[in-house]
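A quick write-up on the structure given underneath.
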Amino acid sequence: MKNIFTVILCLVLFNIQAQEDNYINNQNRHEFRLDALEALAIPNIEVNYEYVISKYSGAGLAVSISLDNDFNEYQKYAIEPYYRQYFLNKKDFGARGLFVEGVLRFAGGEQDEFLPDLTTIQEENWFDMGIGLVVGQKWVSDNGFVFEISIGGGRYLLNNNNDEGFIRGGVLIGYRFF
């Protein structure tokens with residue numbers, strides 16, 4: 001009876017230790033981030049969601065909304081689905097480290113158009129879609145906090161606005177959940 005109790009106690013303690021290791025390795029797959037650089041530099045809110053597919057890849061969606069009417073000429077809103085591939089990942093459960101991201105952008109805003117008399121300016125709404133590439137680095141702490149730096153850009157495909165391309169990147173801070 002004493003041996004059975006000892007074996008059961010060892011199994012329970014081993015199971016508790018295994019659960020603690022899962023927490024430490026942070027095997028959560030849902031990650032939310034805010035772009036701190038855009039919020040501070042330009043009045044813009046960008047929220048990112050990423051689903052970790054494996055330790056080497058992730059897919060997500062970024063939504064950006066302008067909070068300043070003067071900034072609407074660049075873009076009023078943008079919706080960007082993306083796919084990431086991680087490199088040089090030495091952690092068991094990753095989606096961290098150096099990454100390359102392919103991104104699609106669906107964006108809209110307002111731009112000034114001259115009427116045929118060349119003296120009157122009229123505001124026109126625009127919508128465009130583009131494709132781009134981003135390179136960055138992501139760090140994830142053992143308890144789930146995320147810090148990311150990235151830079152890249154792309155080209156608009158429909159030519160419905162004055163800009164030929166776009167810039168994507170920033171300094172993002174977030175947390176990896178469930």
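Heads up: numbering here begins at 1 and tracks the sequence.
Scored by the salt bridge (Lys or Arg N to Asp or Glu O under 4.0 Å) test, R33 finds E31, E50, E148 as partners (sequence neighbours excluded). For I173, the side chain to side chain contact (heavy atoms under 4.5 Å, CB included) partners are A36, F147, not counting sequence neighbours. S64 pairs by the side-chain hydrogen bond (donor to acceptor under 3.5 Å, both in side chains) definition with N44, Q75, not counting sequence neighbours. Take E124 and apply the side-chain hydrogen bond (donor to acceptor under 3.5 Å, both in side chains) test, not counting sequence neighbours, and it matches no residue. I45 meets the side chain to side chain contact (heavy atoms under 4.5 Å, CB included) test with V47, L67; sequence neighbours excluded. Applying the side-chain hydrogen bond (donor to acceptor under 3.5 Å, both in side chains) test to Y51 and every residue at least two apart in sequence or in another chain returns nothing. Applying the ring pair (Phe, Tyr, Trp, His ring centres under 6.0 Å) test to F99 and every residue at least two apart in sequence or in another chain returns Y86. The side chain to side chain contact (heavy atoms under 4.5 Å, CB included) test applied to Q85 returns Y56, S57, Y83, F87, not counting sequence neighbours.
Residues V135 and L98 form a side-chain contact, since some pair of their non-hydrogen atoms from C-beta on lies under 4.5 Å apart.
The hydrophobic side chain of L40 is isolated, with no ILVMFWY side chain under 4.5 Å apart from it. L104 belongs to a hydrophobic cluster whose other members, connected by ILVMFWY side-chain contacts under 4.5 Å either directly or through intermediates, are Y77, F106, F127, M129, I131, L157, L158.
The stretch residues 35-49 participates, sequence neighbours left out, in these salt bridge (Lys or Arg N to Asp or Glu O under 4.0 Å) pairs: E46-R168.
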